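Only one structure is covered here, and it is reproduced in the block below.
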Amino acid sequence: MVRDELERLRAGAESEAATLARDLESLFAASRDSNADDEHDPEGATIGFERAQLTALLAAARRRIAEVDDALRRVDAGTYGVCERCGRPIAPDRLAARPFARHCISCA
């Protein structure tokens with residue numbers, strides 16, 4: 001059951017990362033094809049801001065994928081749900097809220 005939830009989270013993060021990567025590439029292509037001076041456009045966000053925002057969101061999605069992959073390795077090793085610092089069990093409520101948690105509340 002834990003593995004299924006982690007795999008569902010991973011699939012969602014992969015889908016999100018793929019969408020963000022496509023959006024970022026589209027933004028790069030649009031900025032290459034345009035010579036507009038968006039830095040002085042009072043009507044909205046600059047292309048630079050949008051690029052930074054998409055880049056940050058993509059990095060966060062990739063970090064989530066890595067966290068879930070690490071949690072799946074802990075499931076396989078039989079150490080899932082055990083705090084990596086103190087060795088005590090991680091509370092079920094914490095794992096329900098953050099299934100890839102590596103530390104108990106006290107050590108977090």
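The structure presented is a predicted model; accordingly, all values stated were derived computationally and were not measured.
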For [X] and [Y], work out which heavy atoms get closest and say how close.
| X | Y | answer |
| --- | --- | --- |
| Cys83 | Ile90 | N-CG1, 3.7 Å |
| Ile65 | Ala13 | CG1-CB, 3.6 Å |
| Arg73 | Ala66 | NH2-O, 4.5 Å |
| Val75 | Arg3 | CG1-NH2, 4.1 Å |

Could you state the interatomic distance from [atom1] ([X]) to [atom2] ([Y]), rounded to the nearest 0.5 Å?
| X | Y | atom1 | atom2 | result |
| --- | --- | --- | --- | --- |
| Arg51 | Asp23 | CZ | CG | 14.5 Å |
| Leu6 | Met1 | CG | CE | 11.0 Å |
| Phe28 | Thr55 | CZ | OG1 | 5.0 Å |
| Leu57 | Thr19 | CG | OG1 | 12.0 Å |
| Leu72 | Tyr80 | CG | OH | 9.0 Å |

Exercise. Would you mind listing every salt bridge (charged side-chain N to carboxylate O under 4.0 Å, His left out) that reaches into residues 89-98, with sequence neighbours excluded?
Key: Glu67-Arg98
Quiz item: Hey, does the side chain of Ser26 reach the backbone of Arg22 with a donor-acceptor pair shorter than 3.5 angstrom?
Solution: yes
Self-check item: Side-chain hydrophobic cluster, 4.5 Å single linkage: members besides Val82
Solution: none
Report all side-chain donor-acceptor pairs from residues 101-108 shorter than 3.5 Å, counting only partners two or more places apart or in another chain.
from, atom 1, to, atom 2, distance (Å)
Arg102, NE, Glu84, OE1, 2.9
Arg102, NE, Glu84, OE2, 3.4
Arg102, NH2, Glu84, OE1, 2.7

Self-check item: Side-chain ion pair, Arg8 and Asp4, N-O less than 4.0 Å
Solution: no
Quiz item: Is atom CZ of Arg62 surrounded by more than 12 heavy atoms (other residues, nucleotides or ligands) closer than 6.0 Å?
Solution: no
